[in-house]
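Working notes for the structure below.
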Amino acid sequence: MPGRAIEGEHTLRRATAAAAIGNVAEWYDFGIYSYLAGAVLSRVFFPDAGPWATVYTLGAFAAAFVVRPLGGLFFGPLGDRIGRTKVLSATVVLMATATVLLGLIPDHGAIGAAAPVLVLVMRLLQGFSAGGEYTGALTLVAEYAPDRRRGLFGSWLEFGTLTGYTLGAAVSAAVIGLLPDEALLAWGWRLPFMLALPLGVAGIYLRLRLEDTPAFRQLMARSPALATMPLRRALHILGVRHRRALVVAGGLVLAWNITNYVLTNYVPVYLTSTLADHGGTGTGEATSTLLQVVVMLAMLLVVTSLGRLSDRVGRRPILMAGSLSLMVLGLPAVWLLRQGVLGQLGGLALLGASLVCFAAVAPSTLPAMFPTVVRYGGLALTVNVAISLFAGTAPTVIAAATTATGNLDWPGYYLVAAGVVGVVSVLFLTESAGLPLAGAAPLTSSADLPPPTLSPEGVPLERPAG
């Protein structure tokens, strides 16, 4: 088919698996800290901080987001110059190494104040890695996916992210529930961090075996000099030609990730520590984590179906549904969290329903907003700045505001505000479902092609006569 790129179905599925499984490793590594924060890490590294121990522990979590834009600024333009797969292999190596080292840090009783300092250093390395990981995976899957099925294949990336978080929650729940408190504080908390090693090795292996994307190969074939494009030139292109895309994408990322980090990082602390500290009815660490696992498993069941649906009805309707649900249900979801176990499950379910609308559709929406020449860099800059300034800091800001004021509705206020930003962003979003990516030829999977013409003997004819 003239002017159209055709990618083999086997290669397409291998690329999606490489991105998704690498994402499992990356976000398992990144997420286990938050699941252990309130229950264990605050006592291991901040034993003398009293009611502020949780805030300090979440502060170390938020510190990773300070350097995420730096990681994005480094890895994003580099991926636009040397290719997506090389950079994505490096990010997995860095994340796995930092996570394993974090699990080996002596506790506060052994080395005093040096312990939380080392935790901070490892979190900074994790944040630097995360700055290039997710946006690179977004770029990789979007550029491999055929135009008519980009929503489906993009949603598999979030399937990997949710799997990583779910695995992290399940492993954390297992060590908390099975080990005596003394063993948990002495050595048990380290076990989830050690699992990062085999997961990281699997992600590296899959990515190193993958050829770069069709869109990147097309770009280098047309303009090989772009491999030496300086960072200043890339930033100039983004700032001058794609300002609207930067702002709209940033708004979508903000709405999506505030919901994500409130659900996965703050709510566990809210249920296990905050409610009890303010005279409410919380729940135990194991029960809280189990509720998280149930909700994320439910999200796993529907995320790819929503991605497939977006290929038929468009990205905008599903993103708008998620944004409106945050506006309407953000506060009621938080109120339900204070109504016992059944209420907590209901509140988590409402948050999960809002989140999955973004998770299913944003991976195919965001890459379509930038051309190939600056796609990785544009996504890395936009996503990481939005997350670092607003989303990644949300758990710490909410925890500090709740501790200072005693108002337990702060998570709901954040969610409603995120919904407002999401609605405005969707109104300015251009629909991209079914269209080729900017700067690339239309892309079709070999599975989408019509069957070949057969000879009377049943042999496929590549160039039938007449």
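In this structure, F128 and R68 have side chains that are not in contact, with every pair of non-hydrogen atoms separated by 4.5 Å or more. Contact of the V262 side chain with the V267 side chain is registered, since non-hydrogen atoms from C-beta on lie closer than 4.5 Å. P317 has its side chain within reach of E431: a pair of non-hydrogen atoms, C-beta onward, lies under 4.5 Å apart. Considering only heavy atoms from C-beta on, I32 stays 4.5 Å or farther from L195 through its side chain. Looking at heavy atoms from C-beta onward, V119 lies out of side-chain contact with M122 at the 4.5 angstrom threshold. Between N384 and Y134, every side-chain heavy-atom pair lies at or beyond the 4.5 Å cut-off. Using a 4.5 Å heavy-atom threshold, the side chains of Y28 and V171 count as touching. Side-chain contact between F358 and L326: present, with at least one pair of heavy atoms (C-beta onward) separated by less than 4.5 Å.
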Enumerate, atom names and distances included, each donor-acceptor pair closer than 3.5 Å involving a side-chain atom of residues 219-237, sequence neighbours excluded.
from	atom 1	to	atom 2	distance (Å)
R222	NH2	G439	O	3.1
T228	OG1	A225	O	2.8

Donor-acceptor pairs are to be reported for all side-chain atoms of residues 294-301 against protein atoms at under 3.5 Å, with residues two or more places apart or in another chain.
none

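Counted by atom type alone, T11 and E211 present zero donor-acceptor pairs between their side chains at under 3.5 Å.
One distance of note links CG of L263 with OG of S354; it measures 9.5 Å at 0.5 Å rounding. Rounded to the nearest 0.5 angstrom, L275 CG and T283 OG1 are separated by 9.5 Å. Note that CG of N407 is 11.5 Å distant from CD1 of I398, once rounded to the nearest 0.5 Å. Note that CG of L306 is 6.0 Å distant from SG of C357, once rounded to the nearest 0.5 Å. In this structure, S288 OG and Q344 CD are separated by 7.5 Å, a value rounded to the nearest 0.5 Å. Residue L350 holds its CG atom at 10.5 Å from CG of L415, rounded to the nearest 0.5 Å.
Heavy-atom neighbours of R14 CZ from other residues, nucleotides or ligands within 6.0 Å: above the threshold of 12.
The salt bridge (Lys or Arg N to Asp or Glu O under 4.0 Å) contacts involving residues 337-361 comprise R338-D409, where partners must be two or more places apart or lie in separate chains.
Between T393 and F390 the shortest heavy-atom distance is OG1-O, 3.5 Å. Closest heavy-atom contact between S425 and G251: OG-CA, 3.2 Å. Shortest non-hydrogen contact noted between A15 and Y144 is CB-CD1, 3.4 Å. Heavy-atom minimum distance, A386 versus L254: CB-N, 4.4 Å. Closest approach of F370 and L366 over heavy atoms only: CD1-O, 3.8 Å. Summarising the geometry of A249 relative to M369, their closest heavy-atom pair is N-CE, 3.6 Å, with the distance given to 0.1 Å.
For R308 (side chain) and F153 (main-chain N/O), no donor-acceptor pair under 3.5 Å exists by modelled atom type. Remark: the backbone N or O of S432 is not paired with any side-chain donor or acceptor of R315 at under 3.5 angstrom. Side-chain N or O atoms of S273 include none that pairs as donor or acceptor with a backbone N or O of Y270 at under 3.5 Å. Counting only distance, with no hydrogens or angles, the side chain of D147 and the backbone of G434 share no donor-acceptor pair below 3.5 Å. Between the N257 side chain and the V253 main chain, a donor and an acceptor come within less than 3.5 Å of each other. Formation of a donor-acceptor pair under 3.5 Å by the T259 side chain with backbone atoms of A255 is found in this model. Although no hydrogens or angles enter the test, the distance criterion places a donor-acceptor pair under 3.5 Å between the side chain of R217 and the main chain of D212. A donor-acceptor distance shorter than 3.5 angstrom exists from the side chain of R375 to the backbone of P367, with no hydrogens or angles considered. Checking side-chain atoms of D80 against main-chain N and O of G377 turns up a donor-acceptor pair under 3.5 Å. In terms of modelled atom types and a separation under 3.5 Å, the side chain of S155 and the main chain of L152 share a donor-acceptor contact.
The salt bridge (charged side-chain N to carboxylate O under 4.0 Å, His left out) check on R207 picks up E133, with sequence neighbours excluded. Checked against salt bridge (charged side-chain N to carboxylate O under 4.0 Å, His left out), R13 has the following partners two or more places apart in sequence or in another chain: E9. Taking R148 as the reference, nothing meets the salt bridge (charged side-chain N to carboxylate O under 4.0 Å, His left out) condition, with sequence neighbours excluded.
Using cut-offs of 30° and 60° on the angle between ring planes, the pair W410 and Y413 is perpendicular.
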Requested in this report: Decide side chain to side chain contact (heavy atoms under 4.5 Å, CB included) for L238 and R243; before the verdict, give the C-alpha distance in whole Å, the side-chain angles of both, and the deciding distance to 0.1 Å.
Outcome: CA-CA 7 Å; L238 285 169; R243 279 177 291 188; over 6 Å; no
Report task. Start with the C-alpha distance between L167 and L199, add both sets of side-chain angles, then the distance that settles side chain to side chain contact (heavy atoms under 4.5 Å, CB included), and finish with yes or no. Result -> CA-CA 11 Å; L167 181 61; L199 287 174; 3.9 Å; yes
Query raised in the report: Given V397 and Y414, is the side chain to side chain contact (heavy atoms under 4.5 Å, CB included) satisfied, shown in steps?
Result: CA-CA 10 Å; V397 174; Y414 248 78; 3.4 Å; yes
Report task. Start with the C-alpha distance between V361 and R316, add both sets of side-chain angles, then the distance that settles side chain to side chain contact (heavy atoms under 4.5 Å, CB included), and finish with yes or no. Result -> CA-CA 9 Å; V361 178; R316 297 177 78 244; over 6 Å; no
Requested in this report: With ring pair (Phe, Tyr, Trp, His ring centres under 6.0 Å) as the test, would you mind laying out the steps for F75 and Y376 before giving the verdict?
Outcome: CA-CA 8 Å; F75 288 117; Y376 196 162; 8.2 Å; no
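The only option from R150, R84, Q218 that meets the side chain to side chain donor-acceptor pair (under 3.5 Å) definition with E143 turns out to be R84.
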